[in-house]
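The figures that follow rest on heavy atoms only: side chains count, while hydrogens, waters and symmetry mates do not. Below, read A as the first sequence line, B as the second, and so on, with proteins coming before strands; counting in each chain starts at 1.
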Protein chains: 2
Amino acid sequence: MPFPPKTNSDAIVNTAAALVQTDGLAALSMRTLALRLGVRASSLYRHFPDRAAIETALAERAANQIAMAMESAAAETDGERALFNAARKYLDYAASNPALYSLLMATNDSVSRPVWELLLRLVSQATNSPLDEAGATAFWSFLHGFVALEQKGHLGPSPSKLTFVRGTQALVRGLSGAKSAATT
Amino acid sequence: MPFPPKTNSDAIVNTAAALVQTDGLAALSMRTLALRLGVRASSLYRHFPDRAAIETALAERAANQIAMAMESAAAETDGERALFNAARKYLDYAASNPALYSLLMATNDSVSRPVWELLLRLVSQATNSPLDEAGATAFWSFLHGFVALEQKGHLGPSPSKLTFVRGTQALVRGLSGAKSAATT
DNA sequence: GTCTATAAAATGATAGAC
DNA sequence: GTCTATCATTTTATAGAC
């Protein structure tokens, strides 16, 4: 065999993730990616139709990783506590993988669905609702907004963790409270 | 004069804003921008040192516009009501100028300061605090997160305005409540 | 499945004339 | 202050040999 396989889809996605992680999304070109894999850029097209497909695979990977991290953190407890723990993992993932997180949220596909599904479940449990879509929307908005503002430096010097905790508690209490008040 | 002035900094920024507004940020190149202005690309460098400077000017423009819109909306009332009205204008601006809003939030400079200052003031008034930085952070996080998630389609079919209102109310009530509770 | 070679197209930016 | 001309670079993607 003159040209034995040197790479595969998984290796490509893994290497792409590492590349994006260290050098940012802008550094992800077919050339540089191929270089790290020890192949030529044209070889990548045997595994992915185009660059966009690689980005989508990366976003899916990020969505699954963040959802899994939240899931296992939430599984240890339940109710409000489970939601808090999951939220903390969400923040941790975004802080540890800023470029991948950014890519995930920039992808307009429905690739972030696992995150939505999980948040919907956790928020509903925390607010004692059957399906609190409005609450989940508000909570996710707060989470993502906090991450995005902090990552871009709009919040000035990094806010303390207490700032995040206070916001989280206020929102959850507000969501539960409004619900009870409306029901009562 | 063989080469009379054909453009100036203001015209460049105005045209750039219109271009980004209609065709997106990716369409903003020195060539296309110059074309719309009826000059050559190289002429732009007499007014701005590079492309980044034009983007910064656009972001500043967006920050001022959104802050002014919020300001005047808030001025009509005060307290919680003023904050709600301002938040609504924030959403309106982002909806009407998605690309400019996106550019503003993607700019990591301290160009968004006018927005922060205003929100800090309005949130503090709404929660009866002298300087509620944690509250302002939480509120801005919620606002921006909501806009970003919606713009990227992560929330599925557009959430109703009620969804936004409920989140806003829950957050403000939660922030005020937590404060009183902590104080008491 | 990988390679070489290349197409085809953008882009930001500069030099120097007028 | 604007022009022409051009540089220098980068990018995605394809054709065809092996």
Contact residues, residues 40-56 of chain B to DNA chain D [heavy atom, < 4.0 Å]: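 Per residue number, the list reads B:Arg40, B:Ser42, B:Ser43, B:Arg46, B:His47.
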
Note: A:Glu133-B:Arg166 ion pair, threshold 4.0 Å (strictly below): no

Lys/Arg N to Asp/Glu carboxylate O, B:Arg173 vs B:Glu80, below 4.0 Å: yes

Between [N] ([atom2]) and [X] ([atom1]): distance, integer Å:
| X | N | atom1 | atom2 | result |
| --- | --- | --- | --- | --- |
| B:Arg31 | C:dA13 | CZ | P | 11 Å |
| B:Leu35 | D:dC3 | CG | P | 11 Å |
| A:Leu33 | D:dT11 | CG | C1' | 14 Å |

Under 3.5 Å donor-acceptor, B:Thr22 side chain and B:Leu19 backbone: yes

Same apolar cluster (I L V M F W Y, side chains within < 4.5 Å links), B:Leu131/B:Val172: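 Yes, it is one cluster - the side chains of B:Leu131 and B:Val172 are joined through contacts under 4.5 Å.
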
Nearest-nucleotide comparison on DNA chain C, the residue closer to the 5′ end among B:Thr32 and A:Val39: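 Per heavy-atom nearest nucleotide, the more 5' residue is A:Val39.
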
Listed partners of B:Ser112 passing side chain to side chain donor-acceptor pair (under 3.5 Å), at least two apart: A:His154

Counterpart residues, side chain to side chain donor-acceptor pair (under 3.5 Å), relative to B:Glu117 (two or more places apart):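 Residues passing side chain to side chain donor-acceptor pair (under 3.5 Å) with B:Glu117: none at all.
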
